[in-house]
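Each remark here refers to the structure printed beneath this line.
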Amino acid sequence: MPSATANFEKLAREFYARDTIDVAIELLGKKLVHQIDGRFLVGNIVEVEAYLGPHDRAAHSSKGRTARTEVMFGPPGHAYVYLIYGIHNCMNVVTGPEGHASAVLLRAISPGKGVVGRTQGPGLLTRAMHIDRTLNGADLLSDTFFIAREDPGTAPHRVVRRPRIGVDYAGAWSRRLLRFYIRGNPYVSKP
DNA sequence: CTCCGGATTCGT
DNA sequence: CGAATCCGGAGT
C-alpha cells in the first residue's frame with residue numbers, strides 16, 4: 001500500500017524494482033512531484049525511454065561503473081540526473097534490482113499544478129520541474145521529490161512504442177523499441 | 001594534462 | 001544546420 005504525502009499516493013520501492021520495460025510503460029500517466037520552497041510542482045508523465053543496463057550500448061552504464069554512472073548501479077527508486085551538452089539536465093529513474101544499472105529517462109510531461117513553461121523534451125521537463133544535478137541520487141520515496149499514482153478515474157491511454165531518440169551511435173540498440181509515449185498526447189516531444 | 005563528443009534545445 | 005556550454009571518460 002503506497003504512502004500518502006499531501007494527498008499524493010507515492011509509488012513504493014517495489015514499483016521500481018521490476019523489469020525496466022514494465023516500469024517504463026507503467027510510469028506513463030503517473031505524476032512527477034517536486035516540492036520546492038513549500039510549493040508543489042506536478043507533471044503528468046507522457047513520454048519515457050528505457051535503458052536496460054550495461055549490455056545496452058545506449059545506456060550510460062554500458063561505459064562501466066564510474067563516478068557519473070554510480071547512481072544507475074545503486075538501488076531502484078532513486079533519481080539519476082545528469083548534465084547533457086553542457087546546458088540541459090536529464091532525469092532518470094533507477095529500475096530493477098540493485099546493481100542491474102538500468103533506468104528510465106523521463107522525456108516529457110503534461111504540465112500540472114505549479115508548472116510553468118514548456119515540458120516536451122527531457123531538458124525542458126527538468127527545467128519546468130526545477131530539477132537539476134543537486135537531485136542526482138535523490139531517493140524518490142522522499143516527501144519532496146517522488147512519483148505518485150494517477151488520479152482514480154483517469155481515462156485509460158494507449159501506449160506507442162518507438163526507437164529511442166538521439167542514440168544513433170548505439171548500433172542495433174538504437175533500433176530497439178524502447179521509447180514509450182501516450183498516443184495522441186500533445187506534450188509528447190516528437191510524436 | 002588535452003581532446004572529444006554527448007539520452008538537447010534554439011535560432012538561422 | 002550549427003552554436004551553445006560543460007564535464008565525463010579516454011588517451012597521451
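The sequence lines fix the lettering, A, B, ..., with proteins before strands; numbering per chain opens at 1.
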In whole angstrom, what separates [X]'s [atom1] from [N]'s [atom2]?
X: A/R133; N: C/dT5; atom1: CZ; atom2: P; result: 15 Å
X: A/I165; N: B/dG6; atom1: CD1; atom2: C1'; result: 15 Å
X: A/D132; N: B/dT8; atom1: CG; atom2: P; result: 18 Å
X: A/R164; N: B/dA7; atom1: CZ; atom2: C1'; result: 8 Å
X: A/M91; N: B/dA7; atom1: CE; atom2: P; result: 18 Å
X: A/R57; N: B/dG6; atom1: CZ; atom2: P; result: 12 Å
X: A/L125; N: B/dA7; atom1: CG; atom2: P; result: 17 Å
X: A/H88; N: C/dG8; atom1: NE2; atom2: P; result: 17 Å

_What contact category does A/R68 fall into here, base, sugar-phosphate, or nothing, at under 4.0 angstrom with non-hydrogen atoms?_
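Sugar-phosphate contact only - A/R68 comes under 4.0 Å of backbone atoms but never of a base.
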Touch class at under 4.0 angstrom, heavy-atom based, for A/R127 against every strand present
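It contacts sugar-phosphate atoms only.
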- prompt: Do any of residues 175-190 of chain A sit with a heavy atom less than 4.0 Å from DNA chain B, and if so which?
  reply: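 Those residues: none at all.
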Cation over ring face, A/R18 and A/F15, 6.0 Å, 45°: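 Here A/R18 passes the 6.0 Å and 45° test against A/F15.
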Review point. Cation-pi between A/K10 and A/F146: NZ/CZ under 6.0 Å from ring centre and within 45° of the ring axis?
Key: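 Yes; both conditions hold, so A/K10 lies above the ring face of A/F146.
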Q.
Looking at A/D168 and A/R175, is there a salt bridge between them, counting it only when a charged N and a carboxylate O are closer than 4.0 Å?
A.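 Salt bridge: no.
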- Message: I'd like to know if A/E150 and A/K31 make a salt bridge, using a cut-off of under 4.0 Å between side-chain N and carboxylate O.
- Response: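 Looking at A/K31 together with A/E150, the answer is no, because their closest N to O distance does not fall below 4.0 Å.
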query: Hey, is the side chain of A/T66 poking within less than 4.0 Å of OP1 or OP2 on C/dG8, counting only N and O atoms?
result: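 A/T66 to C/dG8 OP1/OP2: no side-chain N or O under 4.0 Å.
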query: OP1 or OP2 of B/dA7 less than 4.0 angstrom from a side-chain nitrogen or oxygen of A/H60, does that happen here?
result: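 Answer is yes, contact under 4.0 Å.
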Item to complete: Name the orientation class of the two ring planes belonging to A/W173 and A/H55 (parallel below 30°, tilted from 30 to 60°, perpendicular beyond 60°).
Response: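 The arrangement is perpendicular - the two ring planes meet at more than 60°.
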- Item | Along DNA chain C (nearest heavy atom to each residue), the more 5'-positioned of A/I84 and A/G64 |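 Nearest-nucleotide comparison on DNA chain C picks A/I84.
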Checking contacts here: which listed nucleotide (B/dA7, B/dG6, C/dG9) is nearest the side-chain heavy atoms of A/T69?
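For the A/T69 side chain, the nearest candidate turns out to be C/dG9.
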Problem - Shortest side-chain distance from A/L83, nucleotide among B/dT9, C/dA4, C/dC7 - result: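 The listed nucleotide nearest to A/L83's side chain is C/dC7.
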- Query: Of A/R118 and A/Y169, whose closest DNA chain B nucleotide lies nearer the 5' terminus?
  - Reply: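 So the residue in question is A/Y169.
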Point to revise | Exam field: side chain A/H78 to backbone A/G137, donor-acceptor pair closer than 3.5 Å | key: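 Yes, the answer is positive, given that a donor and an acceptor are paired below the 3.5 Å cut-off.
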Ring-base stacking, A/Y51 with B/dA7 (5.5 Å, 30° cut-offs):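 According to the criterion (under 5.5 Å, under 30°), yes, A/Y51 stacks.
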Under the salt bridge (charged side-chain N to carboxylate O under 4.0 Å, His left out) test against A/E49, which residue among A/R107, A/R164, A/R176 passes?
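Output: one option passes, namely A/R107.
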Checklist entry - So, do A/H60 and A/Y82 have ring centers that fall under 6.0 Å from each other? => result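 Ring-ring flag for A/H60/A/Y82: true, centres closer than 6.0 Å.
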Discussion item. If you define the side chain from C-beta out and look only at heavy atoms, does anything of A/P76 sit under 4.5 Å from A/T95?
Written reply: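 No, every pair of side-chain atoms sits at 4.5 Å or beyond.
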- prompt: So do A/S189 and A/Y181 actually touch side chain to side chain, heavy atoms under 4.5 Å?
  reply: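 They are not in contact (no side-chain heavy atoms under 4.5 Å apart), so the answer is no.
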Base-pair string, DNA chain C, Watson-Crick plus G-U, cut-off 3.5 Å on both distances, | for inter-strand, is ||||.||||||.
